[in-house]
Structures are given as C-alpha cells and as structure tokens.
Protein chains: 2
Amino acid sequence: MPKLGAEPIRRAALVKATIETVGEAGSLEVTVAQIARRAGMSSALAHHYFGSKEQIFLAAMRAILTLYGAEVRGALATADTPESRLRAIVAGSFAQGSFRRETISAWLNFYVLAQTNPQAHRLLRIYQRRLRSNLRHELRPLVGARAQAVARGLGAMIDGVYIRAALADDAPDRDYALDIVNEYIDRELEGTP
Amino acid sequence: MPKLGAEPIRRAALVKATIETVGEAGSLEVTVAQIARRAGMSSALAHHYFGSKEQIFLAAMRAILTLYGAEVRGALATADTPESRLRAIVAGSFAQGSFRRETISAWLNFYVLAQTNPQAHRLLRIYQRRLRSNLRHELRPLVGARAQAVARGLGAMIDGVYIRAALADDAPDRDYALDIVNEYIDRELEGTP
DNA sequence: TTTTTTGTTGATTGACGAGTCAATAAACTT
DNA sequence: AAGTTTATTGACTCGTCAATCAACAAAAAA
C-alpha cells in the first residue's frame with residue numbers, strides 16, 4: 001500500500017508520538033517500538049526514516065521548541081508597547097499549545113537529555129538565548145540598566161514554573177503560572193513608568 | 001575479609017557513588033555495576049544491600065534532600081530577623097554542599113524520576129512544601145498578605161536557577177545564583193520595611 | 001513491461017544489564 | 001569445635017531493545 005510522499009507524514013507522526021509517549025511515560029526510557037506503534041507503524045520504519053532513536057528525540061525536541069517559538073511570536077504580534085510585549089512573551093511561554101502535561105513532561109526530559117547530548121544542548125541553548133534576548137529587549141526601556149538582571153530572573157522563573165508544573169498532580173494551570181510571573185513583573189515595573 | 005558492621009559504610013559509599021555517577025553521566029541510565037565499581041564493590045553486593053536499583057536511587061535522593069535541609073537549617077541558625085532568615089534560606093539553597101555540578105545534575109535527574117516513581121514524587125513534594133512553608137513564614141511579617149504569592153515565585157525561581165545551573169557549561173556560580181534571587185527579594189521588600 | 005525508486009514489515013542479531021544463586025570466608029556465638 | 005550470622009563475589013539467567021536485513025509491494029520511470 002505504499003502511497004508516495006509518505007515520508008513527511010510519517011516523520012510528523014513519529015515526532016508527535018514521541019512527545020506523547022515520552023510525556024506520558026515521564027521518561028526517556030521508552031522504546032522505539034512503543035513510539036512507532038503509537039504512530040501506527042513498525043519500529044523498523046521509524047529507524048528507516050530517522051536512523052536512530054537519538055535522531056527521533058532530537059526531532060521531537062526541535063518540534064517542541066519550534067512550537068514554543070511560534071506561540072511567543074503569535075502573542076507578540078498583537079502587542080506594541082514594551083510592557084505589553086513583555087507580558088506577551090510570558091503569555092506565549094505558557095500558551096495552550098506548549099503548556100500541556102505531555103509537552104511539559106517531554107520538555108523536562110529533553111532538558112535532561114541536553115546534559116548528555118551535544119545537539120540537544122545546542123538546541124536548548126538557542127532557545128534560552130533567544131528568550132533572554134527578547135526579554136532584555138523589551139525590558140530595556142522599562143527598567144534601563146537592570147534589564148539584564150531582570151531578564152535572567154524572569155527566564156529562570158519561567159523555567160522554574162515549568163519544572164514545577166511537570167511535577168504537579170493536576171493539569172497545569174496556565175493562569176496560576178501567569179500570576180506568579182506577572183506578579184514579579186509588576187514589582188519590577190513599579191515606580192518606573 | 002569480612003569486617004562486621006560493614007552495612008552502613010557500604011550503603012553510604014553506594015549512595016555517594018550513585019550521586020557521583022548519575023551526576024557525571026547526567027542521566028539515570030547508569031548501571032548498578034558502574035555505581036558499585038565506583039563504590040569499590042561488586043554489583044551483587046549493591047543488590048544485596050539495597051535490593052534494587054530503584055531503592056539505590058531513592059536512597060541517593062533522600063541523601064540529597066537531607067543535605068539540602070541541613071544546609072538551610074545551618075544558614076538559618078545565625079539569622080534572627082525575618083529578612084535575614086529569608087536570605088539565609090536562599091543562601092542555604094545554594095550552599096557549597098548542594099550547589100555543585102554532580103549534585104545539581106543528580107537532583108535534576110531525580111526530579112525526572114519523580115514523574116514515574118511515587119516514592120520519589122513524595123520525597124520531592126515534602127521538600128517543596130517545606131521550602132515554601134519556610135519562605136512564607138519569613139515573608140509574612142515582611143510582605144503581609146502577599147507572602148503566599150511571593151513564596152511561590154521565590155520557590156519557582158530557586159528551582160529555575162538550579163535547572164539552569166545544570167545546563168551551564170562552566171561550574172555553577174553560587175554568587176551569580178544568589179544575585180538573581182536576592183535581586184527579586186530586594187524588589188519585593190522595597191517600600192515595605 | 002521491465003526497471004527503479006519508495007514504502008513497509010517480520011524476523012533476527014547482538015549487546016547489555018538487572019537481579020539471582022551458589023559458593024567461599026571471616027567473624028561471632030554457644 | 002561446631003554452628004550461625006554477616007560479608008562478598010563470579011558466574012549465570014532471562015529479558016529487553018536498538019539496529020539491521022531480507023523480502024515483499026506498489027507506484028513511477030524507462
């Protein structure tokens with residue numbers, strides 16, 4: 001039954017299945033067979049398209065970070081003042097697409113993978129750098145010289161909220177997450193209008 | 001050459017070796033044999049004392065959290081005002097004993113383990129609860145009703161700084177970590193003396 | 001229509017690793 | 001001295017899993 005042009009569809013299905021499988025298992029110790037089954041194909045085909053388990057993981061990680069970037073960009077599109085743009089970056093960080101159980105859990109696991117795998121490390125670095133640079137850029141006109149320090153704090157807090165959401169029993173609460181970070185922003189902007 | 005009373009020594013050696021091995025590997029995918037070798041014994045003996053790899057991990061996790069608790073308590077001992085106690089909790093969180101490469105990496109990995117393992121989950125929960133309760137207690141006289149919210153933010157930020165330290169290339173920088181968190185505290189206490 | 005390219009899988013290989021066991025030995029008890 | 005408890009390990013079992021391969025099928029190209 002080979003329909004041509006299957007490759008991109010299969011790849012996408014595998015990436016999706018990887019995030020789901022890793023997210024559900026809460027661990028990278030999932031088998032290629034599990035992922036492939038979820039994606040509706042044999043493990044041999046998964047290997048055929050990606051070559052190795054490592055590459056499957058990296059593709060999934062890229063997908064997560066790409067989605068994240070898209071959400072932030074989307075949130076930024078409607079904001080024009082520095083403060084609203086700053087809040088938009090934060091809101092984008094906790095957007096529905098990214099801020100869901102399996103995605104958060106998968107993200108955490110890929111974070112761990114970055115300790116071992118140089119490519120994963122690089123990917124995460126790029127994300128962190130871009131986030132901080134975005135934050136700093138909007139913070140500059142708001143808090144001046146302190147922009148650098150505040151951007152670091154904000155970045156750390158966002159990651160912290162993520163990691164805690166991964167451990168929570170109940171479904172991740174977007175508004176709760178936003179409250180925590182926005183409260184910090186409120187304080188920082190206070191008296192510097 | 002069996003000297004009696006070896007059990008506690010062997011257990012401690014295994015726990016230490018576990019943290020080192022997991023920390024260095026940056027992953028829980030280490031073998032019992034590796035851990036045992038590092039601790040200077042056969043893998044059979046490790047199984048003899050702990051029963052399973054899972055139990056070895058849990059013991060190591062307990063050790064990390066116990067050390068962490070001790071550091072915070074130590075830092076608190078010399079502080080008496082609410083603010084100095086608050087700063088002490090933070091300083092204790094990044095104390096030399098806990099805030100080192102392998103320990104941070106091991107901690108992150110155990111964090112992931114808590115997604116799968118109920119006991120690990122419980123342990124981490126206890127730590128989080130205690131930290132937040134400590135923070136809230138000192139914050140109450142400082143920021144009143146906002147204590148709850150600030151404690152959450154601080155807790156998240158501390159975890160965030162940890163997770164980022166795990167990914168940094170260079171050795172974890174205690175002062176840098178402290179700066180980030182203390183800056184946040186400065187802001188929160190501003191205007192509420 | 002033969003050939004090539006693309007898609008697909010069941011079966012197999014080869015490695016690795018958790019946990020068990022039987023055996024050995026030194027201490028301690030009676 | 002005989003028996004028991006504690007310490008210790010090499011060798012083995014048994015399962016799992018990533019990766020490969022041979023083979024088959026259908027579309028496209030020749």
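Chain identifiers are assigned alphabetically (A, B, ...) following the order of the sequence lines, protein sequences preceding nucleic acid strands; residue numbering begins at 1 within each chain.
Both Tyr176(B) and Leu154(B) are members of a single hydrophobic cluster when ILVMFWY side chains are connected at heavy-atom separations under 4.5 Å. There is no path of hydrophobic side-chain contacts, each under 4.5 Å, that joins Leu108(A) to Leu67(A).
Rounded to an integer number of Å, the gap from CD of Glu54(B) to C1' of dA18(C) is 12 Å. Computed from coordinates, the His47(A) NE2 to dA19(D) P distance equals 4 Å when rounded to whole Å. The CD-P distance, from Gln55(A) to dA18(D), rounds to 15 Å in whole Å. dT5(D) atom C1' lies 12 Å from atom OH of Tyr49(B), rounded to whole Å. Rounding to whole angstrom units, CZ of residue Phe57(B) and P of dG19(C) are separated by 10 Å. Between His48(B) atom NE2 and dT8(D) atom C1' the separation is 8 Å, expressed in whole Å. Rounded to whole Å, the distance from CG on Leu45(A) to P on dA11(C) is 17 Å.
For Ser42(A), taking side-chain heavy atoms from C-beta onward, the closest of the listed nucleotides dA19(D), dT9(C), dT9(D) is dT9(C).
Of the residues in residues 108-121 of chain A, not one comes within less than 4.0 Å of DNA chain D through any heavy atom. For DNA chain C, the neighbouring residues in residues 5-41 of chain B, judged by any heavy atom under 4.0 Å, are Val30(B), Thr31(B), Val32(B).
A side-chain donor-acceptor contact under 3.5 Å links Gln115(B) to the backbone of Ala166(A).
Looking at heavy-atom distances under 4.0 Å, Ser43(B) makes no contact with the nucleic acid at all. Heavy atoms of Phe50(A) sit nowhere under 4.0 angstrom from any nucleic acid atom.
Looking at Val22(B) and Phe57(B), their side chains come closer than 4.5 Å, going by heavy atoms from C-beta outward. Considering only heavy atoms from C-beta on, Met41(B) comes within 4.5 Å of Leu14(B) through its side chain.
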Next on the checklist: Using side-chain contact (heavy atoms from CB on, under 4.5 Å), reason through Asp159(A) and Ile163(A) one step at a time and then give a plain yes or no.
Outcome noted: CA-CA 6 Å; Asp159(A) 275 15; Ile163(A) 201 183; over 6 Å; no

Next on the checklist: Determine whether Phe110(B) and Leu58(B) satisfy the following criterion, side-chain contact (heavy atoms from CB on, under 4.5 Å), listing intermediate values before the conclusion.
Outcome noted: CA-CA 8 Å; Phe110(B) 291 140; Leu58(B) 287 171; over 6 Å; no

Solution key, residues 92-102 of chain B side-chain donor-acceptor pairs under 3.5 Å, sequence neighbours excluded:
unit_1	atom_1	unit_2	atom_2	d
Ser93(B)	OG	Tyr68(B)	OH	2.9
Ser93(B)	OG	Ile89(B)	O	2.9
Arg101(B)	NH2	Ala168(B)	O	2.3
Arg101(B)	NH2	Asp169(B)	O	3.1

Donor-acceptor list for residues 178-185 of chain A side chains, cut-off 3.5 Å, not counting sequence neighbours:
unit_1	atom_1	unit_2	atom_2	d
Asn182(A)	OD1	Arg87(A)	NH1	3.1
Asn182(A)	ND2	Leu178(A)	O	3.3
Glu183(A)	OE2	Arg146(B)	NE	3.0

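Counting only residues at least two apart or in different chains, side-chain hydrogen bond (donor to acceptor under 3.5 Å, both in side chains) contacts with residues 43-61 of chain B comprise Glu54(B)-Asn117(B).
Across the helix from dT1(C)-dA30(D) to dT30(C)-dA1(D), the helix axis at one end is tilted relative to the axis at the other end by 10° (nearest 10 degrees, each axis from five pairs).
Between Arg10(A) and Glu7(A) no salt bridge is recorded (no basic side-chain N to carboxylate O distance below 4.0 Å).
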